[in-house]
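Here's the structure we're looking at; comments come further down.
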Amino acid sequence: MSSTRALLEVSDLTKVFDVSKPWLERTLAGEGKKTLKAVTDVSFSINKGETFALVGESGSGKSTIARMIVGLYPITSGKVLFDGIDVADPARAADMARERRRLTMIFQDPYASLNPRWRVDKIISEPIRAFGIASDPQDIEARVGELLRLVKLDPLDGQKYPHEFSGGQRQRIAIARALASRPEFIVCDEPTSALDVSVQAQVLNLMRDLQEQFGLTYLLISHNLAVIRHMATRVGVLYLGRLAEVAPSKDLFRTPRHPYTRLLLAAVPDLHGIGKDRVAVQGEIANPINPPSGCTFHPRCPLANERCKREVPLPRSAGAAVVACHAVEEGRS
């Protein structure tokens, strides 16, 4: 069960990448610097015990946000507060170092995220040693065996190497490693996208069981709306680095408000909609180096008008949702 206490708070989070050519090439070609604004003024909070999902097309900034939260990317501007501590504040670095074990990440590709030269027991025990949770070899061995059982593997599997396992088993090992530090908050970056559909369901159900058992809080990154519907408490819809809509999962799938959210949901195959016309998402996501003016979705939006081309829409409450859309604000939706 989720509580009303925010474990993670993201405020006006922005990430800009320098994508310029090397200085000499720029000088010879007479070009200036080029920047890519991957994330712009994103704000949301995640309550303890819930699953907050970020969804959007490739290039929308989902994984960039995840990597800023866990410290893999530096933050250009804005704040990420984990249990009240600014993760990027140098003055709170010592505090954050003590809290680091409470925050971990499950990566997208289980084939790339596990060291192929290490046995599974060493992979899983690394966080235990790094955070000083246990130092006695027998205690560590017992803890590794317990973690392997939690993810439905055999403790004897600890003697094997990652290449001896299937993709689903490797992701179970990655989950066991994430649990090794006894975290409270886990960032799950497309945790099942590299797996077969039947294996995806097993891994997702395992994650839900572990959440209930240990009171975990998840930030789930995905482009798969079926996964989002199965897992999420609340959903944030990203388009070109900005939040278009944030709503409780049930409300979002029942009554989507933003035109982009509606188009995403309309594109999902539905057995009940066989024979009915469906509206596909038109066009492609714009170039983030040179994004459209105003609302960046306006070139693809069926409800766009001149205001949409001029002004960036601000997030506004719309029932239980928060929507950044002029059409919704003006009642044109």
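Since we're looking at a predicted model, the values are computed, not measured.
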Inset, instruction - Please say which of Ser222, Ser193, Ser113, Ser63 ends up in a side-chain hydrogen bond (donor to acceptor under 3.5 Å, both in side chains) with Gln108. - result: Ser193

Inset, instruction - Please round to the nearest 0.5 Å and tell me the distance separating atom CG of Leu179 and atom CD1 of Ile186. - result: 5.0 Å

Inset, instruction - Please confirm whether the backbone N or O of Pro74 pairs with a side-chain atom of Lys15, one donor and one acceptor, at under 3.5 Å? - result: yes

Legend entry - Inter- and intrachain pairs under side-chain hydrogen bond (donor to acceptor under 3.5 Å, both in side chains), touching residues 207-217, at least two apart: Thr51-Gln211

Legend entry - Any donor-acceptor pair under 3.5 Å from Asn47 side chain to Glu50 backbone: no

Inset, instruction - Check side chain to side chain donor-acceptor pair (under 3.5 Å) between Asp251 and all other residues, then give those that pass, not counting sequence neighbours. - result: Arg254

Inset, instruction - Would you give the length of the straight line joining atom NZ of Lys160 to atom CG of Leu153, rounded to the nearest 0.5 angstrom? - result: 9.0 Å

Inset, instruction - Could you grab the distance from atom CG of Asn287 to atom CG of Leu36, nearest 0.5 Å is fine? - result: 7.5 Å

Inset, instruction - Look at the side-chain heavy atoms of Ile, Leu, Val, Met, Phe, Trp and Tyr, link any pair under 4.5 Å apart, and say whether Ile128 and Leu148 land in one connected group. - result: yes

Legend entry - Linked, directly or transitively: Val39 and Val70 (ILVMFWY side chains, under 4.5 Å): yes

Inset, instruction - Considering only NZ, NE, NH1 and NH2 on the basic side and carboxylate oxygens on the acidic side, decide whether Glu245 and Arg257 come within less than 4.0 Å. - result: no

Legend entry - Geometric class of the Tyr239/Phe297 ring pair [parallel <30°, tilted 30-60°, perpendicular >60°]: perpendicular

Legend entry - Check against side chain to side chain donor-acceptor pair (under 3.5 Å), Ser20 and Asp18: CA-CA 6 Å; Ser20 308; Asp18 186 345; 2.6 Å; yes

Inset, instruction - With sequence neighbours left out, write down each residue that passes ring pair (Phe, Tyr, Trp, His ring centres under 6.0 Å) with Tyr161, or none if nothing qualifies. - result: none

